Engineer: 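Dropping a structure here in structure tokens format, bear with me for questions.
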Amino acid sequence: VVDQKMILSNAGRGVQTLWNGLSGRFPSIELDASVVMPNHVHGILVLVGAGLALPLEGAASSAPTGSASTTLGRVLRAFKSISAVGVNRLLSRSGQPLWQRGYYEHVIRSEESLNRIREYIATNPLRWELDRENPGRKGEDEFDHWLATFKSRPQKAEKE
């Protein structure tokens, strides 16, 4: 993040390209807002025909997508696996972990929430100093307080 703008490295551009290609690989999803950050990805996946969207903070989930063969966990495991192989190849390393095991997910239940989360994703680089995934974090992001007001606050899962 330079001057509150996300400048992607070659690895970051590769991750973004793979994220953008997920709906071609999994036709039962549509991609909404997303941003590749220095050490994580924020994104909204729309589950076609399910009438809901899930923003994902982190990199994996296990919520069903509505298709018998395609789960959100399957989509994100494929994304994490393919992107880790690509980044490791680009950086001339082998078998290095790229993604955390855990993840965050949240079911978006209203248009107001959807728009607020879209804004959060779009402006995430502006608030990098407050981002909970930033090791040099200096303060708290108001969005985290808003998200905490929901009963089903996203939980960090330990399994994929």
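Since the model is a prediction, treat every value here as computed from it, not as a measurement.
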Engineer: Cluster question for you: counting only ILVMFWY and a side-chain heavy-atom cut-off of under 4.5 Å, with indirect links fine, are L126 and M6 together?
Structural biologist: no

Engineer: Take T17 and R13, measure what side-chain hydrogen bond (donor to acceptor under 3.5 Å, both in side chains) needs, and give me the verdict at the end.
Structural biologist: CA-CA 6 Å; T17 297; R13 282 190 294 277; over 6 Å; no

Engineer: Can a donor-acceptor pair be found, under 3.5 Å and without considering hydrogens, that links the side chain of D3 to the backbone of K5?
Structural biologist: no

Engineer: For the side chain of S81 and the backbone of R77, is there at least one donor-acceptor N/O pair under 3.5 Å apart?
Structural biologist: no

Engineer: Please indicate whether R25 has more than 12 foreign heavy atoms, meaning atoms of other residues, nucleotides or ligands, lying under 6.0 Å from its CZ.
Structural biologist: no

Engineer: Could you please spell out the steps behind the side-chain hydrogen bond (donor to acceptor under 3.5 Å, both in side chains) verdict for S83 and W99?
Structural biologist: CA-CA 9 Å; S83 60; W99 302 108; 2.9 Å; yes

Engineer: Parallel, tilted or perpendicular: which one describes the rings of H42 and Y120, with boundaries at 30° and 60°?
Structural biologist: perpendicular

Engineer: Return the CD to CZ distance between E119 and F143, rounded to the nearest 0.5 Å.
Structural biologist: 9.5 Å

Engineer: Is the side chain of S110 donor-acceptor paired with the backbone N or O of S113 at a distance under 3.5 Å, no angle test?
Structural biologist: yes

Engineer: Run the numbers on D32 and R118 for side chain to side chain contact (heavy atoms under 4.5 Å, CB included), then give the verdict.
Structural biologist: CA-CA 8 Å; D32 199 291; R118 283 175 175 154; 2.7 Å; yes

Engineer: Would you say that more than 12 heavy atoms from the other residues, nucleotides or ligands in this model lie under 6.0 Å from the CD of E112, or not?
Structural biologist: no

Engineer: Would you confirm whether N39, through its side chain, and E133, through its main-chain N or O, come within 3.5 Å as a donor-acceptor pair?
Structural biologist: yes

Engineer: If you compare all heavy atoms of I121 against all heavy atoms of V35, which two are closest, and at what distance to 0.1 Å?
Structural biologist: O-CG1, 3.5 Å

Engineer: Going only through I, L, V, M, F, W and Y residues with side-chain contacts under 4.5 Å, is there a path from V85 to V75?
Structural biologist: no

Engineer: For Q100, does its backbone N or O pair with a side-chain atom of K80 as donor and acceptor, under 3.5 Å?
Structural biologist: yes

Engineer: Using side-chain heavy atoms (C-beta onward) and a distance below 4.5 Å, is Q16 in contact with L8?
Structural biologist: yes

Engineer: Answer yes or no: is there a side-chain heavy-atom contact under 4.5 Å between W128 and Q4?
Structural biologist: no

Engineer: To the nearest 0.5 Å, how far apart are CG in L31 and CG in L22?
Structural biologist: 6.0 Å

Engineer: Could you check if a side-chain atom of V46 sits within less than 4.5 angstrom of a side-chain atom of I29, using non-hydrogen atoms only?
Structural biologist: no

Engineer: Taking only Lys NZ, Arg NE, NH1 and NH2, and the carboxylate oxygens of Asp or Glu, determine whether R132 and D141 approach each other closer than 4.0 Å.
Structural biologist: no

Engineer: Can any side-chain N or O of N88 pair as donor or acceptor with the backbone N or O of R93 at less than 3.5 Å?
Structural biologist: no

Engineer: Evaluate the side-chain proximity of F79 to L18: yes if any heavy-atom separation is below 4.5 Å, no if none is.
Structural biologist: yes

Engineer: Do Q96 and V87 make a side-chain contact, defined as non-hydrogen atoms from C-beta onward lying under 4.5 Å apart?
Structural biologist: no

Engineer: Take atom CZ of R89 as the centre, draw a 6.0 Å sphere, and report whether it contains more than 12 heavy atoms from other residues, nucleotides or ligands.
Structural biologist: no

Engineer: Kindly check if the number of other-residue, nucleotide or ligand heavy atoms within 6.0 Å of CD (E129) is above 12?
Structural biologist: no

Engineer: side-chain hydrogen bond (donor to acceptor under 3.5 Å, both in side chains), that's the test. Do R137 and N134 meet it? Break it down for me.
Structural biologist: CA-CA 5 Å; R137 179 179 178 172; N134 181 351; over 6 Å; no

